[in-house]
Student: 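Once you've had a glance at the structure underneath, I'll fire off some questions.
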Amino acid sequence: MKLIYEKSKAGRRASSLPPQGLPPAEIPEELRRSSPPRLPEISEPELVRHFTALADRTFGVDTGFYPLGSCTMKHNPRVNERVVNLPGFRDLHPLQEEDASQGALELMWRLQEILAEIVGLPAVSLQPAAGSQGELTGLLLMRAYFADCGEGQERREIVIPDTAHGTNPASVTMAGYEAVGVKTDPRGNVDLDDLRGKVGPQTAGLMLTNPSTLGLFDEGIEEITKIFHQAGALMYYDGANLNAICGISRPGDFGFDIVHFNLHKTFSQPHGGGGPGGGPIAVRDRLEPFLPVPAVVREGGTFRLDYERPKTIGKVRGFCGPFGVFVRSYAYIRSYGPALKEMSEVAVLNANYLLARLRNAYELPFDRLCMHEFVLSGRRLKREHGVTTLDVAKRLMDYRFHPPTIYFPLIVPEALMIEPTETEPKETLDAFADAMLAIAREAAEQPELLKEAPHFRPVKRLDEVRAAKRPVLRYRFEEHEDLQPSDEPRQLEAQKGA
Ligand SMILES: Cc1ncc(COP(=O)(O)O)c(C=O)c1O
């Protein structure tokens, strides 16, 4: 496909506005360009076709099944976009006085209340912009709390299981703590014997995802809580997998002291590619004084921003956090109402259905019922046919499915981590399972087909490391001829649509 610059023809325009007869802008001589910019010149229909063709090449939840494990790529209901575009929300300035933004404050307050109820912890801050920022905020709260108790010097370690997402140790390091790894046992739970040896007076806390990134609910959670609380340490819940348990069980009831939500996962939000996210945190009473400011509070029938928290860790994001994300997630939760539990129940059902269909064709490292996602291993395909999990993932693209998360968690060799979400019908799950089974057969019969996949996508197999490390994001004008004849004026008007 040609670049927009390669489609450019001198004098063409995507719009023709009447001349305004305005005086030239007063730009100081030294700041003026010496030559006009080399911008693409193209008619409106060609412009629309160009970007539509590019959009057709992308893949998203609106174009197909996207079972990226732990990322919860669920359908984003369009009603959320309608409400976030209501002028009262859309046009609100973050510095609007409280009197004139009561609706927005009420929405934030109500969202805080709902989130507190979902995880069973009383105090919420909506500020962090992503799960990872929620993690850092939670760890800074731990620091502030222990400093306040006079234990700040002593407690310097955070325990993290070997299944943890990479953001967990990164957040621990950023917060100035030391990460201490703990093993997983043969059933996929935290290894309690290993854990006991690693928790003591030096421990500030635990970071745990439950269900874990293996898609398994930790059967030892009561014992884990006992170990940490007896040592006077705190428990942090990484809420990336909350989609499995909403309305069914609550991290606060298991003993967690701090929880983050990934609003963009559990409560829908167009995400991926670094899109907007929300990572609110909920905490126990004793941690509330340290939460970021401002807090949204209700006084009688009105709502206001409270900055009066002398022990606060300060601000972690501008204003009150990502407001558009709050509106969408609030709309999403309210559309379920008291039936929110059904969301998680169907997510778990869909994952177990897929697991049952795929478990014989791929290896299942931990043979248990899964929660909202599960992890398979492609180790046998590699051993027997020389086909890797990367080859399987690339071949799935030929079947028009987004590949699942691969090579994570790190403790499963050749891992494929599959999360179907609750918004997929049985037909889609079956089509995906059929494709995975067909690929397992192809691995045995025509392994080279997988090695060279994808065959039918706009681009073949990419050098992903190079694409990430040395992306080509700029059109190098110096390497391409300027199609604009030098004697023609650049501001030439073209007929509409020409
Ligand atoms: C288990 C787990 N923890 C934490 C995170 C970080 O969340 P975010 O991407 O919102 O920063 C992720 C993200 O995928 C995750 O899967």
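In each ligand, atom 1 is the first atom listed, and ligand 1 is the first ligand listed.
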Student: Which option out of Lys265, His260, Glu419, Gln133 puts a heavy atom nearest to atom 13 (C) of ligand 1?
Tutor: Lys265
Student: For the pair Lys315 (side chain) and Phe319 (backbone), establish whether a donor and an acceptor sit closer than 3.5 Å, ignoring hydrogens and angles.
Tutor: yes
Student: Quick check on Arg457: does its CZ atom have over 12 non-hydrogen neighbours (other residues, nucleotides or ligands) under 6.0 Å away?
Tutor: yes
Student: Starting from atom 11 (O) of ligand 1, which protein heavy atom do you reach first, and at what distance in Å?
Tutor: Ser132 OG, 2.7 Å
Student: So, is Ala240 polar-close to ligand 1, with some N/O to N/O distance under 3.5 Å?
Tutor: no
Student: Under a 3.5 Å threshold, yes or no: a donor from one side chain and an acceptor from the other, between Lys74 and Asn243?
Tutor: yes
Student: For atom 6 (C) of ligand 1, what's the nearest protein heavy atom and its distance?
Tutor: Thr167 OG1, 3.7 Å
Student: Give me the ring orientation class for His260 and Tyr236: parallel if the planes are under 30° apart, tilted from 30 to 60°, perpendicular past 60°.
Tutor: tilted
Student: Count the heavy atoms of every other residue, nucleotide or ligand shown that sit under 6.0 Å from CD of Glu154, and state whether that count exceeds 12.
Tutor: yes
Student: Just to confirm my output: which protein heavy-atom neighbour is closest to atom 3 (N) of ligand 1, and how far is it?
Tutor: Asp238 OD2, 2.5 Å
Student: Assess Arg143 against Tyr177: is NZ or CZ under 6.0 Å from the centre of the six-membered ring, and within 45 degrees of the ring's axis?
Tutor: yes
Student: Do ligand 1 and Asn262 have nitrogen or oxygen atoms that lie under 3.5 Å from each other?
Tutor: yes
Student: Checking a contact table here: which protein heavy atom is nearest atom 8 (P) of ligand 1, and how many Å away?
Tutor: Gly131 N, 3.5 Å
Student: Of the protein's non-hydrogen atoms, which lies at the shortest distance from atom 5 (C) of ligand 1, and what is that distance?
Tutor: His165 ND1, 3.5 Å
Student: List the steps, then state whether ring pair (Phe, Tyr, Trp, His ring centres under 6.0 Å) holds for Phe254 with Phe217.
Tutor: CA-CA 12 Å; Phe254 319 150; Phe217 191 88; 5.4 Å; yes
Student: So, 4.0 Å and heavy atoms of His264: is ligand 1 close enough to count as a contact?
Tutor: yes
